[in-house]
Amino acid sequence: MPSHRQFRAIKGTRDILPPDSALWNWFEQTARETLESYNFREIRLPIFEDTELFARSIGAETDVVGKQMYTFEDREASIDRFTGDLSSFLEALEAGIKKGVIPAVPSNLAFLRAFEDDVVSQFESLTQIARRSDLQKPHELEGKLRSLEEAIPRSLLAARQQLRLGAELSLRPEATASVARAYIEHGMQTLPGNQKLYYLGPMFRRERPQKGRYRQFYQIGAEVLGQSDAPAIDAEVLEMLLVLFNKAGLGDTKLYINSIGCKDCRSQYVELLREELRKKKDKLGPDSQRRIETNPLRVLDSKLPEEQPVIEKLPRISDHLCGACRQHFSELEDELRLREICYEKNWRLVRGLDYYTRTTFEVAATGLGSQNAVCGGGRYDGLVELLGGPPGVKGMGFAIGTDRTILSIEHSGRAPHLPGLSVLVARMGAAAYPLAVNIAKKLRARGLAVELLPQEMKFGKALGLADKLGARYALLIGEDEVASGRFTLKRLADADQRKLSENELLEYLESERRGSGA
RNA sequence: GUGAGCGUAGCUCAGCCGGUAGAGCAUCGGUCUGUGGAACCGAGGGUCGUGGGUUCAAAUCCCAUCGCUCACCCCA
């Protein structure tokens, strides 16, 4: 049992051990193949970014940015070269901020201002004393000067401690912001066609862990960026998702779609909603009451039973979309019918991240407890421009929660049985060893998973071990095999046993491998 | 941040009203020095999450604390 001095995985993180890791790899590989069949290509992104990138794109007021990010200060600039007298320190400080060597964050600017004020006021008091004393009280002046001299190193030391010299970075809570940043940074709007990019890897959010929710969790996501916002893009993305979940054996998934409008009609609707909610405030719980002012859309997906009658009577976004948004949504529905995609409209489906516009969607699966969304996404037409990119770039994307998807696959009972150990090589006697090493190398070169026992083992024990390790074959090499030059290969499942020359063995295992598809 | 449930061997758990730890599975060895899954025999492994209190005596009762799990919040 772990005592207090035992190391354990940090809360909300976990180890994915074999054989589970094989299922993860299988699903991720399936996702890669599916996405690539739709001409998405992988983009590999950093795990951390400038905090401001997430604040701007996801929304500074959202929970994700406001309280769930792992944020830290990078160690970079050194203040040592700013030592010296006060005025040159001040100059260096100002220049550093101007050049970006020292981050122009509010705390640094405030510090600079306070520091300046301090220096100026000290200087003023000094000149006052000097003027007043008129050299008749040299002791007072000297004392003041000395105390100032002592104060300078202290101020510099304090400055070093108070200044935030490194950049403020955050572990990524999601990856869409990074994709948009990369798109802008590399001028990808000049590449031909839409950019269709996918990524996969860990994300980090500091939430209370529960079933299907971890602080380090994994996502597979894809984004379409470009000049076009054609509903066909949205529809293709949804088609691709359902194809993927189908391949993964998740039969019970359900697709929900909605449109939350563009920045114009949405903000009008939000105001309307807010007014309606204010009228019914007393019928809502404290959380929803708070959201009336912070984020009225979120009231819509409240699960509180007592709030449901109120919510059902609220005005619906679908009745307040502008003409263009209404048209876009209706064309999306046509596209989905064309592709024979089953879906359900859910007018209460809103997304928690600020950048979404128009189409939003979610895929729910079974076996997950209360966190049943395995995928969420939507359109984010203004994001690239918001981040300082070229105007008119539209975006559409999603993120699959890999942890939840794996849980759901396991729950479905349709997880594929994945090939493990193919051949266990056992040997007895000194003469058998070189033979064993040699044949193991050749089998491995043909892509078979081979366990070469590191020490001699009685064949009875070796077969027992092969069985427990789940090997499909045991290759036995002893005195007889050395003498005859033929290997003994035993199939564990049905005890079929044969003696084969090296060529026959390689050929036999090759054909077996093809036959079983493993 | 809020609420609830649970912490005894690697895993799953037993241990009623207090008398200072047990089973099954797993691991390793043997029966079995060239043929696995079985059976039998044996071994290793726990300061009962941690700290304090009550008591002659605490895994058991009380308090605190930490951890895990689930739900709310939020989201994938």
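Atoms considered below: every heavy atom in the structure, side chains included; atoms not considered: hydrogens, waters and symmetry mates. So you know, we letter chains A, B, ... as the sequences are listed, proteins then strands, and number each from 1.
- Comparing the C1' positions of B/rC56 and B/rC28 gives an interatomic distance of 42 Å, to the nearest angstrom.
- With C1' as the reference atom, B/rA14 and B/rG22 are 7 Å apart, rounded to whole Å.
- For A/Ser370 and B/rC72, the shortest distance from a side-chain N or O to OP1 or OP2 is below 4.0 Å.
- Among the nucleotides B/rC68, B/rG36, B/rC74, the one closest to the side chain of A/Leu463 is B/rG36.
- Comparing A/Ala373 and A/Leu368 along RNA chain B, the residue whose closest nucleotide (by nearest heavy atom) sits nearer the 5' end is A/Leu368.
- Considering only side-chain atoms of A/Arg404, the nucleotide from B/rU35, B/rC74, B/rC75 that sits closest is B/rC75.
- Base pairing analysis places B/rG1 opposite B/rC72; the two distances defining the Watson-Crick or G-U wobble pair are each below 3.5 Å.
- Contact annotation for A/Gly478: base contact, defined as any heavy-atom pair under 4.0 Å involving a base atom.
- Across all strands shown, B/rA43 pairs with B/rU27; the Watson-Crick or G-U wobble distances both stay below 3.5 Å.
- In this entry the distance linking CD of A/Gln210 with C1' of B/rC74 reads 9 Å, nearest Å.
- Contact check on A/Arg278 versus A/Glu275 returns no salt bridge, with no Lys/Arg side-chain nitrogen under 4.0 Å from an Asp/Glu carboxylate oxygen.
- Nucleotide B/rU20 has no partner under the Watson-Crick or G-U criteria, as no pair reaches both atom distances under 3.5 Å.
- Residue side chain A/Lys458 does not reach the base of B/rU33 through any donor-acceptor N/O pair under 3.5 Å, judged by distance alone.
- In this structure, A/Leu407 atom CG and B/rC75 atom P are separated by 21 Å, rounded to whole Å.
- Looking at heavy-atom distances under 4.0 Å, A/Leu465 makes no contact with the nucleic acid at all.
- Checked for salt-bridge contact, A/Asp229 and A/Arg358 meet the test: a charged N lies under 4.0 Å from a carboxylate O.
- Here A/Gly212 lies in heavy-atom contact (under 4.0 Å) with a base.
- Taking 3.5 Å as the limit, the base of B/rC74 and the side chain of A/Arg213 contain a donor-acceptor pair of atoms between them.
- The closest side-chain heavy-atom distance from A/Leu489 to A/Tyr508 is below 4.5 Å.
- For the pair A/Leu171 CG and B/rA76 P, the interatomic distance rounds to 18 Å; values are reported in whole Å.
- At whole-Å resolution of the value, CD in A/Glu479 and P in B/rG34 are 9 Å apart.
- Of the candidate nucleotides B/rC75, B/rG3, B/rG37, B/rG37 has the atom lying nearest to any side-chain atom of A/Ala495.
- Interface remark: the A/Glu481 side chain does form a donor-acceptor pair with the B/rG34 base, using a distance-only criterion of under 3.5 Å.
- Of all nucleotides present, only B/rC63 satisfies the Watson-Crick or G-U wobble test against B/rG51, with each distance under 3.5 Å.
- Comparing B/rG51 with B/rA58, their C1' atoms are spaced 14 Å from each other, to the whole Å.
- Look at CG on A/Leu244: it is 17 Å from P on B/rA76, rounded to the nearest Å.
- Judged by atom type and distance alone, A/Gln371 does not reach the base of B/rA71 through any side-chain donor-acceptor pair under 3.5 Å.
- Rounded to whole Å, atom P of B/rG30 lies 11 Å from atom CE of A/Met457.
- Spacing of P atoms, B/rC63 relative to B/rC70, comes out at 27 Å, to the nearest Å.
- A salt bridge does not link A/Lys254 with A/Glu362: none of the charged nitrogens is closer than 4.0 Å to a carboxylate oxygen.
- One atom, CZ of A/Arg208, and another, P of B/rC72, lie 13 Å apart when rounded to the nearest Å.
- In this structure, A/Lys468 reaches the sugar-phosphate backbone alone: every heavy-atom distance under 4.0 Å involves primed, P, OP1 or OP2 atoms, never a base.
- If you take atom P in B/rG44 and the same atom in B/rC32, they sit 23 Å apart, rounded to whole Å.
- Comparing the P positions of B/rU47 and B/rU60 gives an interatomic distance of 16 Å, to the nearest angstrom.
- Looking at A/Glu307 and A/Ser288, their side chains do bring a donor and an acceptor atom within 3.5 Å of each other.
- Closest to the A/Arg298 side chain, of the nucleotides B/rA76, B/rU33, B/rC75, is B/rC75.
- Distance check on atom C1': B/rU27 versus B/rU12 gives 16 Å, rounded to whole Å.
- For the C1' atoms, the distance from B/rG10 to B/rU2 is 35 Å, rounded to whole Å.
- Put simply, the side chain of A/Gln497 and the base of B/rU35 share a donor and an acceptor less than 3.5 Å apart.
- Here B/rG30 is the nucleotide among B/rC75, B/rG30, B/rC74 with the atom lying nearest to any side-chain atom of A/Lys461.
- The base-pairing partner of B/rU35, taking Watson-Crick or G-U wobble contacts with both distances under 3.5 Å, does not exist among the strands shown.
- Under a cutoff of 6.0 Å and an axis angle of 45°, A/Arg14 and A/Tyr214 form a cation-pi pair.
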* Using the side chain to side chain donor-acceptor pair (under 3.5 Å) rule, take A/Gln216 and A/Tyr218 through it: C-alpha gap first, then chi angles, then the decisive distance, then the call. => CA-CA 7 Å; A/Gln216 175 174 337; A/Tyr218 295 80; 2.7 Å; yes
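- Counting any heavy atom pair closer than 4.0 Å across all strands shown, A/Asp480 reaches a base atom.
- Comparing A/Asp496 and A/Lys11 against RNA chain B, the residue whose closest nucleotide sits nearer the 5' end is A/Asp496.
- Atoms CZ (A/Arg172) and P (B/rA76) sit 15 Å apart, rounded to a whole Å.
- Of the charged side-chain nitrogens involved, at least one lies within less than 4.0 Å of a carboxylate oxygen, so that A/Arg44 and A/Glu42 count as a salt-bridged pair.
- Listed candidates were B/rA76, B/rU33, B/rG36. Nearest to the side chain of A/Met428 is B/rU33.
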